[in-house]
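Data first, discussion second: the structure below is written as structure tokens.
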Amino acid sequence: MDYKRYFDQAIGRLRDERRYRVFADLERNPTRFPVAKWYPDGIESGQAQDVLIWCSNDYLAMGQHPAVIEAAAQAVRLYGAGAGGTRNISGTNHPLVKLEAELAGLHRKEACLAFTSGWISNLAALGTIGQLLPDCLILSDALNHNSMIEGIRRSGCSKQIFRHNDTEHLEELLKAAGRERAKIVVFESLYSMDGDIAPVAKIAELAKKYNALTYVDEVHAVGMYGPHGGGICEREGVMDQIDIIEGTLAKGFGTLGGYIAADANICDAVRSYAPSFIFTTALPPALAEAALAAVRHLRHSDAERIAHQSAAQLTKSALVAAGIPVMPNTSHIVPAFVGDAELCKEASDLLLEKHSIYIQPINYPTVARGTERLRITPTPRHTEEHIAGLVEALVSVWKELNLPLFEPIPQHVIAFGPVAAE
Ligand SMILES: *Cc1c(COP(=O)(O)O)cnc(C)c1O
């Protein structure tokens, strides 16, 4: 048995398809973010150069916020570095209890249960909730994230997929299943690759009509939308209409971890039955305190949300004005359409090597083949100067690779990124 050959072949297949991934070796710094140091030649050389990060999911730069950093540093000194074990074996660190109470309050739910990541929270919650309901049918949006798909698989429930954001199709499936059967509608509030937003109120209304539970992944919205950062459901005034809200602490809140907020008995059931909760060490106190500081800050401060949306709009309109095919949406995500795996990778390489701009290419399986793109994520720390530099670099790369540019549109004519991505 030649084991090595199989791994080499597996990697070779990815290289052939031009979707072998290379991660840039970066060193972030709180005072300089979104500028980071890039180590192009490995540890030995030690050579680093400055690059501008344009693809971070630390959307509001909360991971670099002084109050969040101080909370983590203090907590390490007060409570130590680790968590000390699983909650089943070692109990719960007090900071984690405070964090769960804060998140339950944010989403106006009875309870919250925290996990070591958003990915795990979807696996644990969907896997368990689905399993505990007899003959449960899961209705899942076609573009749901991998973590939800894995959770649904884990639940062993039968699954039907409704067309993306298509409430008519969802209603057909709900109606066919009937009021009596256990059903969970599983969807995201904001889809992070296209940046489009789900019709959450309509979905909640249909779920009530046909007596289904609703489970929404608000990972790309918590901290960033709603008057207190409660997400799209808070913004639309429907948090109380949704049964289970899942979020991450790693994107808008800038740290690490995931959670669900729901009725107390749902959280208790997941806590009591989910192996991916029971058998893994809890979040350490310093992370819980850091996340708590971020959540508390964003519950009372709108400044980051306003600056974030404004940076996103400025970036979109400047790119559109320069003819870059920005895929239109009404969120903070700025996808620049490329449509080819190899060109997407080349564009990303050129940006990094020639322009000191880091934007990771987005290829299959993250998005469908033929819809490869550069996913740009402006933060409140991206200035107008940064945006101007990005536009110049992208136009130069687009020309160098012979990618299609639209007729440049005078800046004053653009209301809000209205360009089709064909
Ligand atoms: C990133 C992501 C997750 C996973 O969250 P992590 O905290 O990074 O594990 C879950 N759902 C969606 C839609 C995501 O994009």
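Indexing begins at 1, ligand by ligand and atom by atom, following the structure's order. If you read the sequence from its start, that first residue is 1, and numbering goes on from there.
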Any salt bridge between Asp302 and Arg305, counting N to O under 4.0 Å? yes

Between Arg163 and Glu168, does any NZ, NE, NH1 or NH2 come within less than 4.0 Å of an OD or OE carboxylate oxygen? no

Side chain Asp217, main chain Glu246, donor-acceptor under 3.5 Å: no

Flag Ser192 as yes when one of its N or O atoms lies below 3.5 Å from any N or O atom of ligand 1, and as no otherwise. no

Under a 3.5 Å cutoff, is there a donor and acceptor pairing between the side chains of Glu100 and Tyr259? no

Nearest non-hydrogen protein atom, atom 15 (O) of ligand 1: His220 NE2, 2.5 Å

Enumerate the atoms of ligand 1 whose separation from the nearest heavy atom of Ser147 is less than 4.0 angstrom. 10 (C), 11 (N)

Could you identify the single nearest non-hydrogen protein atom to atom 11 (N) of ligand 1 and state the distance to 0.1 Å? Asp217 OD2, 2.7 Å

By the definition side chain to side chain donor-acceptor pair (under 3.5 Å), identify the one residue from Arg28, Gln64, Arg381, His65 that meets it with Asp58. Arg28

Using a strict threshold of under 4.0 Å (side-chain N to carboxylate O), is an ion pair present between Asp8 and Arg15? no

Which of the atoms in ligand 1, numbered in the order shown and given with their element, are less than 4.0 Å from a heavy-atom of Glu188? 13 (C)

Within the structure provided, determine whether Ser192 and Arg375 are in side-chain contact (heavy-atom separation under 4.5 Å). yes

Do the side chains of Arg153 and Glu150 get close enough for a salt bridge, i.e. N-O under 4.0 angstrom? yes

When you compare ligand 1 with Gly118, is there at least one nitrogen or oxygen pair between them that comes in under 3.5 angstrom? yes

Backbone or side chain, does any N or O of Thr248 fall under 3.5 Å from an N or O of ligand 1? yes

Any heavy atom of Met148 under 4.0 Å from ligand 1? The part involved is neither

Counting from 1, what ligand 1 atoms have a heavy atom of Trp119 closer than 4.0 Å? 4 (C), 5 (O), 6 (P), 9 (O)

N/O separation below 3.5 Å, Lys251 to ligand 1: yes

One finds that the ligand 1 atoms under 4.0 Å from a non-hydrogen atom of Ser117 are 7 (O), 9 (O)

